Structure formats: structure tokens, C-alpha cells
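Quick caveat, the model's predicted, so the values are computed rather than measured.
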Amino acid sequence: MSYIDNILFVIILAAGFGYFALNIKKLIRNIKLGRDIDRNDNPKERWANMTMIALGQSKMVRRPVAGILHIIVYVGFVVINIELLEIIIDGIFGTHRLFSFMGGFYNVLIGSFEVLALGVIVSVAIFYIRRNIIRLWRFAHGDLKGWPKSDANIILYFETVLMLLFLTMNAADYHLQMAGAEHFVKAGSFPVSQFIEPLFNGMNEGTVMIIERAAWWMHIIGILIFMNYLYFSKHLHILLAFPNTYYANLKPKGQFDNLESVTNEVKLMMDPNADPFAAPAADAAEVPAKFGASDVQDLNWVQLMNAYTCTECGRCTSSCPANLTGKKLSPRKIMMDTRDRLEEVGKNIDANKGVFVDDGKSLLNDYITPEELWACTSCNGCVEACPVNIDPLSIIMDMRRYLVMEQSAAPTELNNMMTNVENNGAPWQYSQMDRLNWKDEA
């Protein structure tokens, strides 16, 4: 008995999962380049968020058409890939439909897989039409061009081809079952592929076997290729949506964090009994912490995970009042730029044996301009709209903080306001003696 097919399958399987593991390791390494932040509080609320938002798709269905179609594709891929377990065992040991001993339950499983596969094909076709023919505004926006636009269509092609291969494999298998071919046990229910099966009428048994085996091999190899494509595409969200929603910010929207170093300094200034000279001297070798963020290493690891999780759907940008009024800001572009810069930094580390060598670039200016950052109204519309709780506003605010506190590069209007607060205790250019004159006005 020849074991060449089994050996070849094991080699391909090991290569596929091995390359995937290497990319996941690189992904984790890149995310850990960010500053540490504690997001382990309130585990009960975090699990509830993950269950409702990532698993339950609760924010997706706020736009019913896209939400329902997405759920069909999501459930279809999750459920259909249960069959991968059988395919992998069959491929390793040379069996065929190993789980057919389940009888009626197996028939229900295969039948449901086929119905879902058809649902995925229909949903993907509608997604393609919405993106490329109807050209919905958020898919035709200027920040979604080049690779991001091609990436979205590649994913749609992949999903369609994988489902068609699955149905073709089942149709050929069903034909061979009815023909009584050796090795093809009668098992499974084929509510969709039974309509494809007549295409094999008139073909000899050997040809149909070749088609069935070709579809089987192409289906499993296609899944392995698609799995490894995830790292390079926006589709990475199918893995990261779960940790991303778990570690999302639970504070009320609009509540911004304070820099601990600044807070301590203010407390010291406000304490009449404090001795500023009693503070321990800083280590001369220690690099002072940067105020705000100018590059990806200055952001925290949750923000970097946000960038990798972004599916570029554009709901954030379509909800952004600044963008809708013609400003340059696009929250989607903020996340895409952050991911692109993080990937560039990661490749720099790979090329320099695990050490980052200054490349003269930064997220600020080279990717994201001050004009974009100052266009933000900090309304949290983008955060509310995101179906997986990504927070573009936190990145914008950290980069603004850098501009103000490190470069004194705030807009003139803001600088005037801060000067007035410093001198007059109010944003307006009135002396402190006149601040309450308004109460005497009729």
C-alpha cells in the first residue's frame, strides 16, 4: 500500500501551520512593541463584551444589510471548517469520511454545511456588488485604494472559490457513492451539491474520482493558503476581534487618561508641605519618558492590536463629522497608517537581527499629518461605530499630546486658549477681576 499521498499531506499540513505559527509569533512580537497598559480589570464585563460584540456580532447588525450578510459568512466559515477535522484525519490516515459512523447526525452536519456554503456564496456576491458595482461611499473613499482595495476583493474571491470547491467535492463524492465506487461509503446529505451532481453523468468513474480528489486537495490547500494570507490582510480581524473586544477600554467615552508623571508633578506643586528637593534623583542612564506618541513604539499594546484588528470597513470614517464636512481626517486611515508603520518597524527589526535601527521615519508626519489630528472633534463617533471596539481617538489624542507637550506645535487658537487659562484662569482673554462680570448683566 502506498503512503505517498499521506506523507505529502502531512508535509503540506506541517508547512501551512508552521508558517502560520511564525507569522503569529511575529504578530505578537510587533504588538508587544507598544507600551504596557493594564487591561485586566472587570473580567466579567470584559467577557460579556467579547461574547456580545465579537461572538454575537451585536454591533454589526446596527447596519442590518451588511450585518446579516456578515453573520451568514461568519457562521458559515466557522461551522463549515468543523469539517476540517475530518479532512485532516482522512488526509493523515488515508481514510474517507471517517465520521460517517455518526449516521443521521453526520447527514445533518454535511447538509447544514452545504446550505451555509450556498449562503456564503450569495452573501459574498452581494458584498462584491456593494463594493465594486454600487460602490458604496465608504468603499469608494479616497483612503481605500491600492492594496487595501485589492485585498478586500482577494478575500471575496478566496471565500467564493473555497465554497465552490467544497460543493464540487461533495457533488463528485455523491455521484461516486450512487455509482457504488469502491472506498466511497454512502454517507452525508447533499441538499445543494445534488444539483451539481448531474454534471458528472456520462463521465467515467476514473475521471469523476480525479475531479473529487482534485477538489479535495485544492480545498484543503486553499484553506491553508487563506489561513496564512490572514496575517497580510485586513481579514486578520477574524482572529483578533476576540482579544480586541476583551481588552477594549471600559471607561466612559470622553474620559481621557492623565500622564502619571504630569499628575505627580501637579500634586507636588499643590502640596504646600512637599519638598521638591526630596524627590529621588532620576537615573542618569534612563531615557526620560516621552509625552504622548510620535511613533508606534510610543503607543500602548492595545492600540497596536487595534491597528491589526481593523477590517477597514469604513464605518468609523462614515460616522466622522470632520470627514463628512470635507476635513482630511479619516479614522480608518489612522488605523491603516498605524498598522503600515508597525509592519515597517517589524521588518526593520527582522532585517537587523532583532534590533530596531532608526530609519529616520515616524508615524507622525511620515504617515499621519498634524492636519488630520487637529481636524478631530473628539466626539467618539468612530469608537461608537466600530463593530469590534477599535479606538482611533486614543491614538489621535496621544499624538496630539506629543505635538503640544513635546513640540509646542498646537494651533494658534489652542495656544491662545492655553495662554489665557495660564494667565487668567479661564479660556477667555479677560482679567481674573472681570471673570464674573457676566452675572451682573441683565
Side-chain angles (χ1 to χ4, degrees), residues 20 23-24 26-28 30-32 34 37 39-40 42-64 66-82 116 120 123-124 127 138 144 148 151-152 154-156 158-159 223 226-250 253 299-319 331-332 334-336 338-339 342-343 380 382-395:
F20 179 72
N23 281 330
I24 291 298
K26 186 186 300 183
L27 172 70
I28 295 171
N30 289 353
I31 291 174
K32 286 185 175 180
I37 186 174
R39 287 287 174 84
N40 293 306
N42 300 318
K44 185 176 180 180
E45 186 176 353
R46 294 188 180 281
W47 280 109
N49 268 353
M50 187 178 73
T51 302
M52 288 295 295
I53 298 170
L55 186 63
Q57 308 280 290
S58 60
K59 294 182 76 173
M60 279 298 303
V61 294
R62 291 179 183 176
R63 299 191 183 192
I68 293 170
L69 292 174
H70 187 274
I71 287 175
I72 293 172
V73 175
Y74 166 71
V75 173
F77 255 80
V78 170
V79 174
I80 292 170
N81 282 333
I82 294 174
L116 285 169
V120 170
S123 299
V124 166
F127 280 143
R138 58 194 174 101
L144 200 65
D151 176 38
I154 289 171
I155 291 167
L156 296 178
F158 249 120
E159 291 174 342
I223 288 173
F226 188 63
M227 179 179 71
N228 282 286
Y229 178 72
L230 294 181
Y231 176 81
F232 305 96
S233 80
K234 73 187 189 72
H235 219 49
L236 192 58
H237 75 280
I238 66 175
L239 300 178
L240 291 182
F242 294 91
N244 198 78
T245 50
Y246 181 86
Y247 290 111
N249 188 8
L250 298 181
K253 290 181 175 63
L299 299 171
N300 65 58
W301 65 268
V302 174
Q303 291 169 320
L304 300 186
M305 183 169 64
N306 280 181
Y308 273 121
T309 307
C310 178
T311 186
E312 302 169 10
C313 66
R315 292 188 180 204
C316 53
T317 296
S318 67
S319 300
R332 172 171 59 186
I334 297 291
M335 303 315 301
M336 292 164 62
T338 303
R339 174 174 175 161
L342 184 53
E343 275 293 289
N380 268 295
C382 55
V383 183
E384 182 64 27
C386 181
V388 288
N389 281 14
I390 291 171
D391 189 355
L393 180 58
S394 68
I395 295 177

### Message
Please report the interatomic distance CG(L393) to CG(N380), rounded to the nearest 0.5 Å.
### Response
5.0 Å

### Separation between CD1 of I24 and OH of Y231, rounded to the nearest 0.5 Å
9.0 Å

### Residues in ring-ring contact (aromatic ring centres under 6.0 Å, His included) contact with Y229, at least two apart in sequence or another chain
F158

### Task
Would you mind reporting whether N40 and P43 have side-chain heavy atoms less than 4.5 Å apart?
no

### Query
Does P387 offer a backbone N or O that forms a donor-acceptor pair with the side chain of K59 under 3.5 Å?
no

### Atom pair NE2/CE of H70 and M60 - distance to nearest 0.5 Å
4.5 Å

### Query
So which heavy atom on R315 is nearest to which on A385, and how close?
O-CB, 3.6 Å

### Query
For N49 and L250, which heavy atoms make the closest approach, and how far apart are they?
ND2-CD2, 3.3 Å

### Task
Sequence neighbours left out, what passes salt bridge (Lys or Arg N to Asp or Glu O under 4.0 Å) with K253? Give chain and number order.
E384

### Message
So which atom in A54 and which in Y74 form the shortest heavy-atom distance, rounded to 0.1 Å?
### Response
O-OH, 3.8 Å

### Residues in ring-ring contact (aromatic ring centres under 6.0 Å, His included) contact with H237, at least two apart in sequence or another chain
H235

### Message
Looking at every heavy atom in both L239 and F20, which two are closest together, and how far apart are they?
### Response
CD1-CZ, 3.8 Å

## Note on the structure
Those residues at least two apart in sequence (or on a different chain) that pass ring-ring contact (aromatic ring centres under 6.0 Å, His included) with Y247 are W301

### Non-hydrogen atoms of V383 and P392 that approach each other most closely
CG2-CD, 4.2 Å

### Message
Among residues at least two apart in sequence or on other chains, which ones pass ring-ring contact (aromatic ring centres under 6.0 Å, His included) with Y246?
### Response
W47

### Message
Test of understanding: with salt bridge (Lys or Arg N to Asp or Glu O under 4.0 Å), list the residues that count as partners of R339, not counting sequence neighbours.
### Response
none

### Query
Can you name the side chain to side chain donor-acceptor pair (under 3.5 Å) partners of R46, sequence neighbours left out?
D41

### Message
For the backbone of D151 and the side chain of S233, can you confirm whether one donor and one acceptor N or O come within less than 3.5 Å of each other?
### Response
no

### Summary
CG (N389) and CE (M50) are apart, to the nearest 0.5 Å, by 12.5 Å

### Task
Take L144 and T317 through the side-chain contact (heavy atoms from CB on, under 4.5 Å) test and state the conclusion after the steps.
CA-CA 11 Å; L144 200 65; T317 296; over 6 Å; no

### Message
For a 4.5 angstrom cut-off between non-hydrogen side-chain atoms, does I238 reach L230?
### Response
yes

### Message
I want to check something: taking the side chain as every heavy atom from C-beta on, are L240 and L27 in contact at a cut-off of under 4.5 Å?
### Response
yes

#### Entry: Candidate pair E343 and Y308, rule side-chain contact (heavy atoms from CB on, under 4.5 Å), full reasoning
CA-CA 10 Å; E343 275 293 289; Y308 273 121; 2.6 Å; yes

### Task
Test L299 against I395 for side-chain contact (heavy atoms from CB on, under 4.5 Å), laying out the working first.
CA-CA 7 Å; L299 299 171; I395 295 177; 4.2 Å; yes

### Query
What closest approach, in Å, do I53 and T245 show between heavy atoms, and which atom pair accounts for it?
CG2-CG2, 3.7 Å

### Message
Holding to salt bridge (Lys or Arg N to Asp or Glu O under 4.0 Å), I want the full list of residues that pass it with R332, two or more places apart in sequence or in another chain.
### Response
D143

### With R39 via salt bridge (Lys or Arg N to Asp or Glu O under 4.0 Å) - residues at least two apart
none

### Query
Atom CE of M305 and atom CG of L342: how far apart are they, to the nearest 0.5 Å?
12.5 Å

### Results of side chain to side chain donor-acceptor pair (under 3.5 Å) for S123 - residues two or more places apart only
none

### Query
About how many Å separate OG1 of T338 and CD1 of I334, when rounded to the nearest 0.5 Å?
6.5 Å

### Under the side chain to side chain donor-acceptor pair (under 3.5 Å) test, residues paired with Q303 that sit two or more places apart
N300, S394, D398

### Query
Given the rule in the side-chain contact (heavy atoms from CB on, under 4.5 Å) test, do S318 and R63 qualify, once you have shown the distances and angles that lead to the verdict?
CA-CA 12 Å; S318 67; R63 299 191 183 192; 2.9 Å; yes

### Query
Partners of N306 by side chain to side chain donor-acceptor pair (under 3.5 Å), sequence neighbours excluded?
N244

